[in-house]
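Letters A, B, ... are given to chains in the order of the sequence lines, protein chains preceding strands, and every chain is numbered from 1.
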Amino acid sequence: MKTHVFTMLTLVITGMFAASAAAAGDDEAAESLVFPESYKAGSVSNGGTITGTVTFEGEAPAMKKLEITKNPEVCGVTDKFDESVVVGEGNGLKNTIIYLMDISSGAGFPKGAKVKHQIDQKGCQFNPHVNLIPVGKRLTMLNPDKIMHNVHIFSKENPPYNKSQPGSRRKMPVKAVKKAEGPVAVKCDVHGWMKAWIAYIPHPYFAVSDENGQYKLENVPPGTYKLGYWHEACGTNTESPESVTVDAGGAATKDFTLSLKN
Amino acid sequence: MNRLFAKKSFIIHIASFLLLPAIITCPLFAQGKSAPAASEAGNLLYIDKCGHCHGIEGAGDGDAAENLLPRPRDFTSGLYKIRSTESGNLPTDQDLFEVISNGMPGSSMPAWKGLLSEDERWSLVAQIKTYFDGFEEASRRVIDLSGKIPYSEESVAKGKTFYAELGCVECHGVLGRGDGTSAPDLTDESGFRSWPANMEHSWNFRGGSATEEIFKRFIGGIAGSPMPAFVSSFRLGLTDAESARIIALEDQDEMTEEEEAEYTQLEEKAYEYEDIMLRIEEGEEITHEEQNKLDEAMKPIFEKSWHLANYVKSLGREGRPPAAVGDKVLRSQYFVGDLPGLNDAAWSEIKEASYFPLVGQVVIEPRQFNPSIDSVTAKSYYNDNEAAFLFEWDDRTKTLPQADDETGETVEDAIAIQFPVKVPKSPSDPKPYFIWGGRRPVYLWHWKVSEPNKITEMNAKGIDKATVQASQSQMQVEGVYEDGRYRLWVKRALKTDDRNDLKFEPETFIPIAFSAWDGANGDVKTKRAISTWYSFVLDPVPSNKRFVYPPVVALISAGLLFGLRKSVRNREKLNQ
């Protein structure tokens with residue numbers, strides 16, 4: 001009885017005082033990409049290309065070494081680093097998504113068995129770090145580690161996804177989604193440091209910059225477009241996108257110089 | 001995947017030609033009742049009863065939300081923990097009705113069954129659904145429970161192997177106390193701290209501890225939390241031997257041509273089933289035949305899962321243990337000879353430890369609204385000179401002194417056992433204030449993990465008015481952490497020379513209370529879990545008449561008892 005009264009008292013008190021905020025949640029939802037209202041896929045003749053380099057402005061921050069708190073015999077074989085800012089040759093910025101914000105018709109996604117959408121989890125790190133997965137296409141998670149991972153995708157627009165991938169499943173297909181969204185985080189909760197990004201894209205005019213910061217958009221129908229970027233640590237230019245004009249069969253270039261947001 | 005659904009889809013098959021519109025609006029029997037249409041009355045009731053936690057627009061941001069962990073659900077997210085439905089699905093209306101009625105134990109979500117009528121609760125189901133668009137479009141597939149395997153020792157033993165194999169151990173720990181090696185780093189989808197359930201404290205399961213509920217939680221996962229769905233743990237449509245073969249082939253550095261062919265064949269066989277499952281998840285129609293095929297493939301998987309559910313069930317107990325009052329009060333039993341040490345088997349002769357529930361200290365700043373230690377248990381023995389105690393409490397992490405992420409203060413795991421300095425003559429006499437005394441002082445045993453073999457004796461006249469005693473009595477102390485549990489063994493003389501210490505005398509009820517700090521939960525100083533006053537009593541010294549010995553044993557022990565009586569008398573003389 002006594003405890004009951006006591007617990008109730010606690011509840012009442014809990015209700016009465018508004019104080020000491022509990023640990024604030026860090027927002028997993030980074031800024032998003034912009035998708036067209038609708039997109040019509042067809043054939044493109046005489047498409048052009050857009051290429052360019054994404055450069056990190058100023059001195060590149062040192063990559064933080066990740067603390068491997070679990071399964072060191074598998075995950076700790078090589079050093080792992082936080083990949084939120086990866087800067088290469090000539091300050092080239094890796095893992096930036098460059099895309100056409102306002103394209104409403106153009107090519108469809110390339111088809112065929114060669115096109116594989118997969119994320120490797122070897123050594124307890126997602127690779128690639130930034131992934132473009134077409135809407136309607138399945139993704140395969142590879143697990144050569146022979147230890148358990150869980151694939152936790154922080155979707156907002158699509159149904160939640162969090163499934164176990166035991167060590168005995170070297171490949172696990174992940175369902176296709178219906179709505180374009182993201183980039184959303186993908187995490188392994190078992191190995192808390194494992195984090196990557198998935199953008200579910202509705203058209204093929206998205207590219208991720210490579211280790212030299214270079215990107216390429218191909219087969220772009222002639223026209224003038226808004227060219228957007230997204231970077232995990234440098235944010236987006238959704239408010240003031242670049243404008244780029246592609247001539248029939250032509251080659252346009254657009255470089256970007258990004259810095260850490262705030 | 002499930003028979004009920006198979007039936008359902010069969011009905012849909014026939015009906016789809018005739019009365020499709022009716023099907024869409026009709027509640028499917030497997031999903032229980034459907035909510036009525038949302039109403040203004042439901043909205044007002046919601047604002048009145050649920051709004052201060054869940055926010056008046058359902059976004060989980062009511063006035064009280066800030067202090068609660070887990071946070072009240074944000075209904076605009078469409079993430080629900082307690083579902084009878086498959087991974088990625090929304091809950092059924094019935095699920096929402098049940099969770100509103102029964103509350104979510106271990107969180108601040110109250111049970112509304114006794115407080116609101118059934119109609120009112122249904123109107124709230126309808127109201128909650130208005131905050132998330134997905135409810136209109138999404139079909140919901142219920143997990144098939146028809147293959148339930150009854151509880152048996154045999155089933156439990158089988159389930160135990162899957163517990164490790166499937167990886168429950170990673171988060172929930174070897175013995176299920178929520179202390180797995182992944183536990184310290186978990187956060188939910190909003191970035192808030194998340195702790196794996198302690199399976200021994202199954203009374204805290206949000207969805208209840210029935211075996212079916214456990215089964216549904218790990219088959220379908222706990223949306224929004226780190227806990228994944230485990231329906232994907234096995235290859236569909238392959239025998240155990242075939243699964244093993246695939247793995248063996250994959251582990252080879254190279255495959256011969258035949259092996260390559262064998263591998264491809266096995267992969268394709270598995271993918272055939274996987275594909276059906278994926279298409280269901282993608283919201284596509286599947287045929288009746290495909291459904292049957294999938295059902296068949298799921299059978300062995302569900303069988304293993306029921307064994308696992310039975311195993312998890314076996315770890316918990318029915319309901320929270322009764323608190324240490326009445327006949328459960330902590331009794332120190334008289335022990336003949338030297339008192340047992342920490343790992344002595346004699347402790348397990350006391351079948352049930354006394355149970356002391358703890359709650360957050362929310363009276364004095366800084367407060368702890370979300371304590372992670374929910375109870376302490378105790379056992380005790382005494383002999384003519386000393387009393388020994390075994391205190392145990394579950395803590396998912398061992399935290400040695402470290403700087404807290406948020407406050408920067410040095411935190412560590414610790415406990416304090418509190419007694420009054422002056423024992424009240426009768427139970428109705430006033431005791432010191434339960435949070436470390438006030439006008440009436442308390443006597444404390446303070447233990448911390450960084451000094452596991454030491455107890456500091458203190459006196460306090462308030463939560464921030466504690467002083468270490470100038471003269472520390474001789475106490476033997478041993479504290480260990482193992483598998484998510486602290487075990488603290490303490491031995492002290494019944495009487496000490498210090499008049500600010502408490503004297504332990506048989507048959508006197510002595511108030512006892514606890515404070516516990518979990519460093520990993522940011523506990524330090526006033527921020528901690530506390531109990532109210534309970535009681536502790538040394539059993540009467542047994543007279544030899546009470547012992548009913550078989551004749552031979554009696555003869556042997558007679559001499560011993562004689563010595564014992566003598567020593568008691570000697571002590572009594574000494575004390576006069």
Side-chain angles (χ1 to χ4, degrees), chain A residues 1-7 9-11 13-28 69-71 136 138 144 146-152 154 156 158-178 185 187-193, chain B residues 52 63-64 66-69 71 77-79 87-89 108 134 138 165-167 170-171 181-182 184-187 189-193 221 223-224 226-233 235 243 247 250-251 271 274 278 281-283 323 325 357 359-360 362-363 365-367 369-370 406 522 532:
Chain A
M1 252 341 269
K2 219 188 283 171
T3 41
H4 265 151
V5 174
F6 185 60
T7 319
L9 179 79
T10 314
L11 268 177
I13 293 168
T14 310
M16 270 163 30
F17 293 87
S20 84
D26 65 300
D27 197 4
E28 291 298 343
T69 47
K70 206 178 149 110
N71 301 118
R138 287 175 191 164
K146 306 176 197 177
I147 54 172
M148 178 204 177
H149 293 300
N150 70 306
V151 182
H152 190 169
F154 286 50
K156 293 269 188 303
N158 291 293
Y161 187 93
N162 184 4
K163 280 195 180 171
S164 155
Q165 182 170 17
S168 59
R169 294 199 71 176
R170 305 297 149 76
K171 286 182 197 166
M172 186 168 84
V174 173
K175 67 165 182 196
V177 305
K178 288 217 165 83
K187 275 189 165 179
C188 169
D189 298 286
V190 175
H191 306 99
W193 64 86
Chain B
H52 35 267
D63 305 335
E66 202 188 345
N67 290 318
L68 303 175
L69 206 69
R71 280 286 202 274
S77 73
L79 295 169
S87 155
N89 281 230
S108 55
E165 202 179 308
L166 266 60
E170 309 291 343
C171 293
T181 47
S182 294
D185 299 322
L186 301 176
T187 48
E189 286 193 19
S190 306
F192 291 107
R193 195 76 190 74
M227 163 112 166
F230 283 86
V231 68
S232 53
S233 293
R235 295 282 170 105
S243 293
I247 295 166
E250 279 170 339
D251 286 352
Y271 200 73
E274 191 90 50
L278 287 163
E281 287 181 26
E282 287 158 2
V325 292
V359 296
V362 292
V363 181
E365 269 304 345
R367 308 179 173 94
F369 289 97
N370 303 291
E406 252 183 86
T532 180

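- Ion pairing of A:Arg138 with B:Glu274 is absent here, as no side-chain N (NZ or NE/NH1/NH2) approaches a carboxylate O to less than 4.0 Å.
- By number of non-hydrogen pairs under 4.5 angstrom with chain B, the leading residue of A:Thr69, A:Val151, A:Asp189 is A:Asp189.
- Neither the backbone nor the side chain of A:Val177 has a heavy atom closer than 4.5 Å to any heavy atom of chain B.
- Under the 4.0 Å criterion applied to side-chain N and carboxylate O atoms, B:Glu250 and A:Lys171 are not assigned as salt-bridge partners.
- Here A:His149 pairs with A:His191 under the ring-ring contact (aromatic ring centres under 6.0 Å, His included) rule; sequence neighbours left out.
- In terms of heavy-atom pairs under 4.5 angstrom with chain B, the leader among A:Ser164, A:Gly167, A:Ala176 is A:Ser164.
- B:Glu281 has a carboxylate O that lies under 4.0 Å from a charged side-chain N of A:Lys163, or vice versa, which qualifies the two as a salt bridge.
- Proximity to chain A involves both the backbone and the side chain of B:Thr181, based on heavy atoms less than 4.5 angstrom apart.
- Each of B:Gly78, B:Ser233, B:Ser232, B:Ser243 has some count of heavy-atom pairs under 4.5 Å with chain A, and the biggest count is that of B:Ser232.
- For chain A, the nearby parts of B:Ile247 are the backbone and the side chain; heavy atoms of each come within less than 4.5 Å.
- For the set A:Pro159, A:Pro173, A:Gly192, A:Pro160, the entry with the most heavy-atom pairs within less than 4.5 Å of chain B is A:Pro173.
- Annotation: side chain to side chain contact (heavy atoms under 4.5 Å, CB included) contacts of A:Val190 (sequence neighbours excluded): A:Lys70, A:Met148, A:Asn150, A:Cys188, B:Glu170, B:Ser182.
- In terms of modelled atom types and a separation under 3.5 Å, the side chain of A:Asn162 and the main chain of B:Pro226 share a donor-acceptor contact.
- Between chain A and the residues B:Leu79, B:Asp185, B:Leu278, the largest count of heavy-atom pairs under 4.5 Å involves B:Leu278.
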